[in-house]
Amino acid sequence: ISNPQRSIIMANYSTQFSFSFSVGNKAGELIQQALTYFGEDEEDRDADVFSPEWESVFAAHNNEPENWANEVSGETATGCKFEVVTKDAETRVSVWAEEHGSVDLTAAIIVTGLQLADDDAVVTFEYAFTCDKPVLGAFGGGACAMHKSGYLARGTCDLAAQLAKDVVN
């Protein structure tokens, strides 16, 4: 039975994460290029930031970085901030998203950087879904693991479904 006087709840949703990882300098440089580009507002983006390695990736997408991003993640901005520190043969990358981070685009950037540099690092991070109102299904999160071979992500909804099966067995 529906209540015609029921009000519609408007809510603000966010995806948040924060993580650091170490990679070789070449992978760090490649990842930094894409995080810089996709972290900018579209009108402020400069494709000259990309190396020939990234340009070869975009060639299959009409030389448009946004086409690549949309295909791999359905989004064209990471919603992230980052910091890169290079020391000797290692680069430390710290990434964070305070409101509207794109888990899929951030993971695709890291995986592609690892592939282009042939770096065997494994990178992991956790993310959280939050909401400013008590909306069913709006809270949770998950974890993501990345390697040059690809990435896997699992959300808390998958975990909850598995636990529900396990608890009755």
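- Take D158 and apply the side chain to side chain donor-acceptor pair (under 3.5 Å) test, not counting sequence neighbours, and it matches no residue.
- Within the 3.5 Å criterion, the main-chain N or O of D132 finds no donor-acceptor partner in the side chain of N12.
- A salt bridge (Lys or Arg N to Asp or Glu O under 4.0 Å) check over residues 24-34, counting only residues at least two apart or in different chains, returns the pairs K26-E53.
- Counting only residues at least two apart or in different chains, salt bridge (Lys or Arg N to Asp or Glu O under 4.0 Å) contacts with residues 93-120 comprise D118-K148, D120-K148.
- A donor-acceptor pair is defined here as one N or O able to donate and one able to accept, closer than 3.5 Å; such a pair exists between the side chain of T78 and the backbone of C80.
- For E75, the salt bridge (Lys or Arg N to Asp or Glu O under 4.0 Å) test picks out no residue, with sequence neighbours left out.
- Annotation: salt bridge (Lys or Arg N to Asp or Glu O under 4.0 Å) contacts involving residues 57-72, sequence neighbours excluded, comprise R45-E66.
- Heavy atoms of other residues, nucleotides or ligands lying less than 6.0 angstrom from CZ of R154 number 12 at most.
- No side-chain donor from either of S73 and S102 sits under 3.5 Å from a side-chain acceptor of the other.
- Every residue two or more places apart in sequence or in another chain was checked for a side chain to side chain donor-acceptor pair (under 3.5 Å) with D46, and none qualifies.
- Residues satisfying the ring pair (Phe, Tyr, Trp, His ring centres under 6.0 Å) test with F50, not counting sequence neighbours, are Y37, W54, F58.
- Taken from CG in L105 to OG1 in T76, the straight-line distance is 8.0 Å, to the nearest 0.5 Å.
- In this structure F139 satisfies the side-chain contact (heavy atoms from CB on, under 4.5 Å) test together with C131, sequence neighbours excluded.
- With sequence neighbours excluded, no residue satisfies salt bridge (Lys or Arg N to Asp or Glu O under 4.0 Å) with D48.
- Remark: V84 pairs with Q32, F82, T86, T91, V93 by the side-chain contact (heavy atoms from CB on, under 4.5 Å) rule, at least two apart or across chains.
- Take N63 and apply the side-chain contact (heavy atoms from CB on, under 4.5 Å) test, not counting sequence neighbours, and it matches A59.
- Of the inter-residue distances, the one linking T106 atom OG1 with F38 atom CZ reads 10.5 Å to the nearest 0.5 angstrom.
- For E43, the side-chain contact (heavy atoms from CB on, under 4.5 Å) partners two or more places apart in sequence, or in a different chain, are D41.
- Taking hydrophobic clusters as Ile, Leu, Val, Met, Phe, Trp and Tyr residues chained together by side-chain heavy-atom distances below 4.5 Å, V49 shares a cluster with I31.
- You'll find the ring centres of F19 and F125 inside the 6.0 Å limit.
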